[in-house]
Number of protein chains: 2
Amino acid sequence: MGKSIKSEHIPRATIQRLAVYVQVLENFLQEKQNVVSSEGLAKACGVNPSQIRKDLAYFGEFGVRGVGYYVQDLLTAIRQSLGIDRTWNVALVGVGNLGRSLLRYSVFRKRGFIIVGAFDCDPFKIGEVVAGLEVICSRRLSEKVQELGIEIGIITTPAERAQRAANYLTEAGVKGIVNFAPARLSVPSSVAVEYVDFVHHLFSVAFNISYQQSRNR
Amino acid sequence: MGKSIKSEHIPRATIQRLAVYVQVLENFLQEKQNVVSSEGLAKACGVNPSQIRKDLAYFGEFGVRGVGYYVQDLLTAIRQSLGIDRTWNVALVGVGNLGRSLLRYSVFRKRGFIIVGAFDCDPFKIGEVVAGLEVICSRRLSEKVQELGIEIGIITTPAERAQRAANYLTEAGVKGIVNFAPARLSVPSSVAVEYVDFVHHLFSVAFNISYQQSRNR
DNA sequence: TCATGTGAATAATTTCACAGCG
DNA sequence: CGCTGTGAAATTATTCACATGA
């Protein structure tokens with residue numbers, strides 16, 4: 001069968017787990033563990049072994065019966081399945097505190113997501129150089145997305161300017177957005193949006209602590 | 001009925017959505033919209049109206065039949081349900097690039113999560129002052145968690161030091177961890193862990209773009 | 001033989017549809 | 001009357017259990 005996708009719809013949860021599998025498999029590889037069973041991988045990821053087999057089955061057959069999975073091969077297969085066996089050019093919109101940090105955050109590049117343009121609408125920021133990139137006026141996104149081959153946008157503006165940034169990006173033809181601003185976006189259904197909100201994770205932890213304590217009474 | 005929790009187990013997805021409801025309701029409040037129906041809130045959050053009613057039903061009855069929800073009252077009720085109607089003292093472990101950014105990230109404090117201690121094991125960083133906090137040796141976490149009343153830890157170390165940071169934190173009695181390092185943690189089941197990985201969101205977007213394109217062929 | 005891949009069974013979540021109440 | 005709150009139905013996701021094949 002090989003690299004083709006076998007199923008119609010793939011659950012969002014599966015995709016999130018595949019990202020975790022990549023993380024854990026990379027560690028295995030570094031530790032020179034070359035073969036792993038679904039049970040071994042499951043334990044390291046904190047999930048059920050058949051969950052892993054089901055997740056992989058959406059994309060193909062990558063294991064060897066009676067043996068397990070060859071770590072390197074499985075990594076390659078998952079990367080291919082996720083579409084991260086290549087590089088992606090990314091635009092960052094909103095060069096504030098967080099934006100600057102992300103521009104300097106080397107992990108993106110290491111993972112194949114290359115920030116090739118930094119945008120802001122503040123005239124005081126335009127022209128400034130951050131992490132080797134000159135900040136460009138957000139209105140010029142259309143032109144630059146074309147020129148630089150940008151396919152993904154990262155939004156790090158304040159909440160009230162996030163929708164405008166999303167509009168600029170989608171109008172420019174970007175096909176996916178990762179939104180760090182605390183605002184919901186309205187975009188065409190053909191554009192993939194991911195929301196990242198640190199504070200929500202703190203909410204979640206706070207809830208779990210409070211809830212656990214209230215249950216233990 | 002009021003503030004008591006009505007149900008045994010509350011889905012993780014519900015908690016995540018409640019955090020979104022808070023975000024959207026705050027915007028409504030700013031726009032002086034004082035009443036909202038489950039339909040109105042649902043539209044703004046991109047979910048189904050009965051989803052919202054079900055989510056709220058886990059915690060109580062907050063609406064008025066024939067009217068909807070009073071925005072301010074609902075906000076108060078959800079904040080209480082999530083346990084964010086108070087402040088939480090937080091320790092940050094790992095004063096690298098990302099750690100520094102988060103120390104300077106004012107939104108945490110605004111939301112009631114106050115970073116009261118910054119920790120690192122690098123002797124060159126210990127003693128340095130970042131965002132008004134003196135960096136303390138990670139080994140002194142036990143002592144400081146007590147002293148400062150810390151209940152939540154944020155891990156921003158490199159992947160290979162994340163588990164050690166988690167050990168220090170749990171041994172010190174911290175009850176919840178938000179882990180920004182790309183590593184899975186093993187902690188006692190009584191400790192709530194949330195994983196934050198920017199790169200995973202980019203993976204997700206990359207997959208959706210690739211997948212959509214492969215389906216449209 | 002042993003671990004994968006998968007249909008069937010189970011569990012959880014979401015949506016529907018309407019009774020109930022302000 | 002209109003919108004919430006909620007059982008019941010539909011859908012979706014997870015886990016089990018075993019046939020399959022290296």
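Keep in mind it's a predicted model, so treat the numbers as computed, not measured. In what follows, chains are A, B, ... by sequence order, proteins preceding strands, each numbered from 1.
- Qualifying side chain to side chain donor-acceptor pair (under 3.5 Å) partners for A/S101, counting only residues two or more places apart in sequence or in other chains: B/S101.
- Listed by first and then second residue, the ring-ring contact (aromatic ring centres under 6.0 Å, His included) pairs involving residues 89-112 of chain A are A/Y105-A/F108, A/Y105-B/F198 (not counting sequence neighbours).
- The separation between B/F59 atom CZ and D/dT6 atom C1' is 17 Å, rounded to whole Å.
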Next on the checklist: One character per nucleotide, please: for nucleotides 8-15 of chain C, 5' to 3', B when the base has a protein heavy atom closer than 4.0 Å, S when only the sugar-phosphate does, - otherwise.
Outcome noted: B----SSB
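- The backbone N or O of B/S186 lies less than 3.5 Å from a partner atom in the side chain of B/Q163, making a donor-acceptor pair.
- Here A/A44 pairs with A/V24, A/F28 under the side chain to side chain contact (heavy atoms under 4.5 Å, CB included) rule; sequence neighbours left out.
- For residues 149-158 of chain A, the pairs satisfying salt bridge (charged side-chain N to carboxylate O under 4.0 Å, His left out) are A/R86-A/E151, with sequence neighbours left out.
- Among residues at least two apart or in separate chains, salt bridge (charged side-chain N to carboxylate O under 4.0 Å, His left out) pairs with a member in residues 98-121 of chain B are B/E26-B/R111, B/R100-B/E128, B/D120-B/K125.
- In this structure A/V116 satisfies the side chain to side chain contact (heavy atoms under 4.5 Å, CB included) test together with A/N89, A/I114, A/L148, A/I150, sequence neighbours excluded.
- Under the side chain to side chain contact (heavy atoms under 4.5 Å, CB included) criterion, A/D197 pairs with A/P182, A/V199, A/H200, B/Q23, not counting sequence neighbours.
- Evaluation of the salt bridge (charged side-chain N to carboxylate O under 4.0 Å, His left out) test over residues 160-178 of chain B, restricted to residues two or more places apart or in two chains, returns none.
- Contacts between residues 37-46 of chain A and DNA chain C, defined by a heavy-atom separation under 4.0 Å, are made by A/S37, A/S38.
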Solution key, residues 67-78 of chain A side-chain donor-acceptor pairs under 3.5 Å, sequence neighbours excluded:
{"residue": "A/Q72", "atom": "NE2", "partner": "A/T76", "partner atom": "OG1", "Å": "3.4"}
{"residue": "A/T76", "atom": "OG1", "partner": "A/Q72", "partner atom": "O", "Å": "2.9"}

Considering only nitrogen or oxygen atoms on both sides, find all protein atoms under 3.5 Å from nucleotides 18-22 of chain D and state each distance.
{"residue": "D/dT20", "atom": "O2", "partner": "A/R65", "partner atom": "NH1", "Å": "2.4"}

